[in-house]
There are 2 protein chains.
Amino acid sequence: MPRVSYDERVHSVSIAEVAQRAGVSTATVSRALSGRGRVSAAAKEAVLAAADALGYVVSSNASSLASGRTRNVGVVLPFLNRWYFASVLEGAQQALLRAGYDVTLYNLSGGGEERASVFEHFLLRQRVDAVIAVSLELTEDEVARLHALGKPIVGVGGPIPGVRTLAIDDVAVAKLATEHLTGLGHTRIGHLGGRAEFDSDFHLPVQRRHGYEAALDEAGIPFDADLVANADFTVQGGYHAAKQLLGAPPRSRPTAIFAASDEMAIGAILAARDLGLAVPHDVSVVGIDDHDQAEFFGLTTVAQFPRKQGARAVDILLEQLEPRDGSEPLADILLSFELVVRSSTSRPRD
Amino acid sequence: MPRVSYDERVHSVSIAEVAQRAGVSTATVSRALSGRGRVSAAAKEAVLAAADALGYVVSSNASSLASGRTRNVGVVLPFLNRWYFASVLEGAQQALLRAGYDVTLYNLSGGGEERASVFEHFLLRQRVDAVIAVSLELTEDEVARLHALGKPIVGVGGPIPGVRTLAIDDVAVAKLATEHLTGLGHTRIGHLGGRAEFDSDFHLPVQRRHGYEAALDEAGIPFDADLVANADFTVQGGYHAAKQLLGAPPRSRPTAIFAASDEMAIGAILAARDLGLAVPHDVSVVGIDDHDQAEFFGLTTVAQFPRKQGARAVDILLEQLEPRDGSEPLADILLSFELVVRSSTSRPRD
DNA sequence: GTGAAAGCGCTAACAC
DNA sequence: GTGTTAGCGCTTTCAC
C-alpha cells in the first residue's frame with residue numbers, strides 16, 4: 001500500500017520524482033520497475049521504496065508511446081449476453097489480467113456498421129497489442145491490416161484464414177452426442193440444428209449436423225429430414241422446434257433428440273413436459289455446451305469449456321507477445337470436449 | 001475505404017506524412033481531424049483526402065499523452081455471465097462506441113485479490129478517462145484516488161458515497177410487484193429473496209424485501225416469516241427455495257410468490273410444475289427484471305431496463321467529459337421501471 | 001550497472 | 001486560419 005493520501009494530490013507523480021528520491025536516473029527507475037535490463041539489487045530496492053512512497057505508477061500512454069507496447073488486448077465478439085461468449089470472455093480476461101494486460105472489449109451485436117466502426121477504432125488507433133476474435137470470421141482485409149501492424153490475432157470458436165485458431169471439432173462433438181443416443185439403442189433420433197443465418201461464421205450448424213448424420217450412418221440408421229428442425233440456439237427457439245418434432249404421432253415421433261446447443265436442449269425438455277412426455281422415459285435429450293443450467297435440468301451434454309478456451313487463447317497470444325526460449329509456435333489447436341451423462345437420456349422405452 | 005493496400009506497409013503513417021501530402025502543417029492536420037479549433041474548408045478537405053489516401057489513423061497513445069484524454073472508459077462489474085450485468089455492459093459499450101470511446105473491461109468475478117489488482121491497473125495506469133461501476137460499492141479510498149486523478153465515476157445499480165449514481169428504487173419496484181398480487185386478491189404471498197451475502201453491495205435484497213413488506217402492510221396482510229425463503233438469484237436457487245415454500249400443506253401454502261429476480265421466479269414456475277401445481281391457477285408468480293426469458297415463461301414481472309441504464313450512465317459521463325453549454329449537472333437519477341403483466345399471475349383460486 | 005539524451009507521435013499555446 | 005514549437009512521460013540506445 002502506498003503511504004500517501006491520494007486526495008491531497010492532483011497531478012500524478014512522474015518518473016523523475018521517483019528517480020530523484022531514489023538517487024538514481026530515470027533510466028534506472030524504468031529498468032528497475034519494468035524488469036528489462038539489469039539493475040543492482042541496491043538500486044532496485046531504492047527505486048521500489050521511492051515509487052511506493054510516492055504512489056508512483058507509470059503512465060501507460062507515455063510508456064506505450066516510447067516502447068510500442070500497450071499491454072492491452074482487444075477482444076471482439078458478436079454477442080455478450082450469451083453463455084458461450086461471456087464465458088470465453090471471462091476466461092480470457094482473467095488470464096490477461098494475471099499477465100498484466102488490460103482488455104478492451106468490442107461487442108459487435110449492434111449491427112453491421114458497428115463492425116466497420118470497430119475496425120476503424122482499434123485497428124487504427126493502435127490501442128491493442130493483439131486481438132482475440134471469438135466466433136467471428138474476419139475478412140482477409142481485416143486480417144491483413146492487423147498483420148501489417150504486427151498485431152497477432154487468435155481466433156476462438158472457428159477457423160480464420162491465415163490466423164491461428166482454437167476450436168472444438170464440431171463434427172466430432174456432434175457425432176459423440178449422437179452416438180451416445182444410438183449406443184442407447186435409439187433409432188428415431190431428432191436433431192435441433194442451427195438456422196442458416198447462424199452459419200455465416202464458422203458453419204457450426206452445418207458441421208454439427210454432419211456429425212449427427214455421420215453417427216446415424218455408422219449406426220445404419222437412414223437420415224430422415226422430417227426429424228430435423230432448426231432454430232436460433234435459444235431456449236425459446238429450441239422449445240418451438242422441439243414441439244414441432246415431438247408433436248408428430250407416437251409412431252413417427254423421435255424417441256431422442258440431439259440439440260446443437262444446451263439452450264435448445266433445455267427448450268426441448270420443456271416442450272416435452274408441456275406435451276406430457278416424460279424425459280428421458282418418452283424422449284431422451286442431449287445437448288452441447290455444458291451450460292450453467294445443464295445440471296439443473298439434468299441435461300446430458302457434450303461439455304466444451306469456454307473459459308478454458310479463452311484462457312488458452314491468451315496463452316497463445318502471450319507466447320507471441322512475450323516469446324520465451326524453448327517455446328515452440330503452436331499449430332491450430334483442437335480443444336477438448338467430453339460427454340457428461342446426466343438424467344435426460346436413457347434407453348428407449350421398448 | 002482507404003485506397004492503399006495495407007499489407008505492403010509495416011510502419012504506420014504519421015501525421016507528418018499526411019501534413020506533407022496535404023500541403024499543410026501537422027497542427028492543421030490535427031485540427032482538421034479532431035475538429036478542435038478552426039480550419040478552412042479547403043484545408044480540411046485536403047487533409048481528409050490525404051489521410052484517407054495514406055490510411056492514416058492517429059496513434060491513440062501519442063494523442064493521449066499530448067492531450068491528457070484517452071477516449072477510453074473503464075467498466076467494472078462483479079459478474080459477466082449474468083443477464084443484468086451483461087445487459088448494462090452492452091448498453092454502455094454501445095453508447096460509448098457511438099461517442100468514439102473504447103471500453104476497457106474489468107470483471108471482478110475472480111475474487112478479492114483481483115479487485116486490488118484491478119485498481120492497481122487502471123486507477124494507476126491512467127488508461128481511462130472515466131469509470132462506470134456496476135453494482136459495486138467502491139471504497140472511499142478507491143473513489144478518492146479516482147477523483148484525485150480527475151476521473152469522473154458513475155455508479156449503476158446502487159448508490160456509491162460521493163459518486164453520481166443511477167439506480168432503480170428497489171423498494172418501490174418490489175412494492176409494485178407485490179401490490180400487483182395483493183390487488184388480485186392474494187393474501188398468502190410468499191417471497192423469494194436474496195441471501196444475505198448478496199446484500200453486501202447495495203442492500204438490494206433487503207430493499208426488495210422492504211418493498212414486499214410495505215405492500216403487505218398497506219393491504220393489511222400480516223407479515224409471515226414462514227413465507228419467505230432466500231436464494232442466490234439463480235433459477236436453480238429459486239427452484240429449491242420455491243419448493244420449500246410450495247411444499248407446505250395446501251392450507252398454509254402461498255397462493256402467490258414474489259421473487260426478487262426473474263431467474264428465481266422462473267425457478268419458482270418450474271418448481272410449481274414439478275409439484276403438480278398450475279401457474280397461475282394454483283400459484284401466481286411475479287419477478288423483477290424482464291429477463292430475456294421472461295416472455296417465454298409468460299412471467300409477469302417489473303421490468304427494469306439495464307441496457308438503457310448502461311446508456312444513461314454514459315450520457316452522464318460524457319456530460320462531464322465533454323461539457324456542452326446549457327447542460328446542467330444531473331443529480332442522482334432514479335430509473336424507470338414498469339409492471340409487465342403476462343400469464344403467470346391471476347386472481348387466487350377461490 | 002548506470003546516466004545522458006534522443007526520440008515515440010501527437011496536441012496546444014503562441015505568434016502571425 | 002495556419003505554422004512553429006515546446007512539451008506530454010516514458011523507454012532505450014549509446015557511452016561510460
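Below, each value reflects all heavy atoms present in this structure, side chains not excepted, and no hydrogens, waters or symmetry copies. Below, chain A is the first sequence line, B the second, and so on; all start at residue 1.
Of the listed nucleotides (C:dC10, C:dA5, C:dT2), C:dT2 has the atom at the smallest distance from the side chain of A:Ser40. With distances taken from any side-chain atom of A:Ser59 to the nucleotides D:dG9, D:dT2, C:dC10, the minimum falls on D:dG9.
Cation-pi geometry between B:Arg82 and B:Phe85 is not met at under 6.0 angstrom from the ring centre and within 45 degrees of the axis.
The interatomic distance linking A:Lys44 (NZ) with C:dT2 (C1') rounds to 15 Å, in whole Å. To the nearest angstrom, C1' of C:dA13 lies 10 Å from CZ of B:Arg31. Computed from coordinates, the B:Arg38 CZ to C:dC16 P distance equals 21 Å when rounded to whole Å. One interatomic measurement links the two molecules: CG of A:Leu65 to P of D:dC8, which rounds to 13 Å at whole-angstrom precision. Here the C1' atom of nucleotide D:dG9 and the CD atom of A:Gln20 are 16 Å apart, to the nearest Å. Rounded to whole angstrom, the span from the CG atom of A:Asn61 across to the P atom of C:dG7 amounts to 22 Å. Atom-to-atom, CD of B:Gln126 to P of D:dC8 comes out at 14 Å; the value is rounded to the nearest Å. Atom-to-atom, CD1 of A:Ile15 to C1' of C:dA4 comes out at 14 Å; the value is rounded to the nearest Å.
Side-chain atoms of B:Asn107 and B:Ser109 form a donor-acceptor pair, as typed in the model, at a separation below 3.5 Å. There is no side-chain donor-acceptor pair under 3.5 Å between A:Asp129 and A:Tyr101. Looking only at atom types and distance, the side chain of B:Asp141 has no donor-acceptor partner in the side chain of B:Thr139 under 3.5 Å away.
Between B:Arg36 and C:dA13 there is no side-chain N or O to OP1 or OP2 distance below 4.0 Å. The phosphate of C:dC10 has neither OP1 nor OP2 within less than 4.0 Å of any side-chain N or O from B:Thr26. Note on B:Ser25: a side-chain N or O is less than 4.0 Å away from OP1 or OP2 of D:dG3. Side-chain nitrogen and oxygen atoms of B:Ser30 include none within less than 4.0 Å of the OP1 or OP2 phosphate oxygen of C:dA12. A sub-4.0 Å separation between OP1 or OP2 of D:dT12 and a side-chain N or O of A:Arg69 is present. In terms of phosphate contacts, A:Ser14 brings no side-chain nitrogen or oxygen within less than 4.0 Å of OP1 or OP2 of D:dG9.
Comparing A:Thr28 and B:Ala42 by the nucleotide of DNA chain D that holds the closest heavy atom to each, the one mapping nearer the 5' end is B:Ala42. Positionally, the nearest nucleotide of DNA chain C for A:Ser67 lies more toward the 5' end than for the other of A:Ser67 and B:Ser64. The residue among B:Ala62 and B:Val24 whose nearest nucleotide of DNA chain D lies closer to the 5′ end is B:Val24.
Each of B:Leu89, B:Val75, B:Leu96, B:Leu97 was evaluated against A:Leu105; a single residue qualifies, B:Leu89, per the side-chain contact (heavy atoms from CB on, under 4.5 Å) test.
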